[in-house]
Amino acid sequence: QVQLVESGGGLVQAGGSLRLSCAASGRTFSTYHMGWFRQAPGKEREFVAAIKWSERMTFYADSVKGRLTISRDNAKNTVYLQMNSLKPGNTAVYYCAADSRIATMQRRRADVWGQGTQVTVSS
């Protein structure tokens with residue numbers, strides 16, 4: 001299976017920006033779609049965005065469209081989540097994930113998960 005490691009989280013003021021990175025390795029990486037999820041304290045894990053491995057077509061949760069951008073750099077084996085105009089409500093652990101189907105990730109599931117990176121947005 002693919003292995004995923006997130007980075008780029010931290011503390012940011014409201015209105016600021018962060019770019020999360022997810023470094024991928026493993027034999028199956030090139031055939032997997034990639035996604036981002038988040039889990040706020042006391043909440044269920046939420047689908048954020050996904051990107052196809054081939055067409056680079058992107059998919060976003062309705063709640064984040066226009067504020068977050070998912071992208072992929074095959075040369076670096078890395079997927080990114082650019083987050084702008086952050087709010088305290090965006091505080092969560094952010095996970096990247098890999099799956100063979102976009103629809104599966106939209107249902108908040110995936111075959112492979114990273115360990116997560118904490119994003120904290122202060123007022």
Side-chain angles (χ1 to χ4, degrees):
Q1 285 282 354
V2 63
Q3 294 84 50
L4 307 173
V5 179
E6 302 97 332
S7 63
L11 177 65
V12 64
Q13 286 186 295
S17 300
L18 283 175
R19 188 179 69 167
L20 306 182
S21 299
C22 177
S25 62
R27 217 177 112 223
T28 62
F29 174 69
S30 62
T31 63
Y32 270 64
H33 309 307
M34 302 295 297
W36 284 98
F37 300 76
R38 64 188 178 191
Q39 187 167 20
K43 302 291 182 63
E44 297 289 334
R45 186 157 50 198
E46 175 187 16
F47 169 78
V48 174
I51 184 168
K52 286 188 172 183
W53 74 269
S54 56
E55 306 99 294
R56 302 296 182 266
M57 184 176 295
T58 57
F59 304 82
Y60 296 93
D62 291 341
S63 62
V64 304
K65 191 174 184 180
R67 297 177 52 248
L68 308 181
T69 302
I70 188 171
S71 61
R72 186 169 183 166
D73 187 335
N74 289 347
K76 297 181 179 180
N77 294 323
T78 301
V79 63
Y80 303 96
L81 184 68
Q82 179 68 44
M83 304 189 294
N84 300 321
S85 301
L86 286 166
K87 303 174 182 178
N90 298 137
T91 294
V93 177
Y94 285 72
Y95 300 88
C96 66
D99 198 272
S100 60
R101 298 179 67 247
I102 293 291
T104 300
M105 289 190 284
Q106 291 174 321
R107 297 172 70 92
R108 298 176 286 113
R109 297 185 183 276
D111 287 343
V112 182
W113 296 90
Q115 63 182 351
T117 184
Q118 176 71 46
V119 172
T120 302
V121 184
S122 65
S123 301

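We number each residue from 1, following the sequence as shown. Bear in mind that the values here come from a model prediction, so they are computed numbers and not experimental data.
Residues meeting the side chain to side chain donor-acceptor pair (under 3.5 Å) test with Asp99, sequence neighbours left out: none.
The shortest side-chain heavy-atom distance between Tyr94 and Met83 falls under the 4.5 Å cut-off. Residues Leu4 and Tyr95 fail the side-chain proximity criterion, which asks for heavy atoms closer than 4.5 Å. Side-chain contact between Val93 and Gln118 is present, with at least one heavy-atom pair separated by less than 4.5 Å. Taking the side chain as every heavy atom from C-beta outward, Arg38 and Leu20 never approach each other to under 4.5 Å.
Nearest heavy atoms, Ser85 versus Ser17: N-OG, 4.3 Å. Closest approach of Ala24 and Val2 over heavy atoms only: CB-CG2, 4.0 Å. What you find for Val79 and Ser71 is that their closest heavy atoms are CG2-O, 3.0 Å. Glu46 and Ser63 make their closest contact through OE2-OG, 3.4 Å (heavy atoms, listed as atom of the first residue, atom of the second, distance).
The only member of Asn90, Thr91, Val121 that meets side chain to side chain contact (heavy atoms under 4.5 Å, CB included) when paired with Val12 is Val121.
At a threshold of 4.5 Å between side-chain heavy atoms, the hydrophobic network of Ile, Leu, Val, Met, Phe, Trp and Tyr places Phe47 and Tyr60 in two separate groups. The cluster map of Ile, Leu, Val, Met, Phe, Trp and Tyr, joined by side-chain heavy atoms under 4.5 Å apart, puts Leu68 and Val119 in the same cluster.
A distance-only check finds no donor-acceptor pair linking the side chain of Glu6 to the backbone of Thr117 [under 3.5 Å].
Interatomic distance, Phe59 CZ to Ile70 CD1, rounded to the nearest 0.5 Å: 10.5 Å. From Asn77, atom CG reaches atom CZ of Arg72 across 8.5 Å, with rounding to the nearest 0.5 Å. Distance check, rounded to the nearest 0.5 Å: CG of Leu86 to CZ of Arg67 gives 6.5 Å. Taking CG of Asn84 as the start and CG of Leu18 as the end, the distance is 9.5 Å to the nearest 0.5 Å. Here Met34 contributes atom CE and Thr78 contributes atom OG1; the two are 9.0 Å apart, rounded to the nearest 0.5 Å.
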Could you check Lys76 against Ser21 for side-chain contact (heavy atoms from CB on, under 4.5 Å), going step by step and ending with a plain yes or no? CA-CA 11 Å; Lys76 297 181 179 180; Ser21 299; over 6 Å; no

Which side-chain N or O atoms in residues 101-116 pair as donor and acceptor under 3.5 Å with protein atoms at least two apart or in another chain?
from: Arg101; atom 1: NH1; to: Thr104; atom 2: OG1; distance (Å): 2.9
from: Trp113; atom 1: NE1; to: Ala110; atom 2: O; distance (Å): 3.3

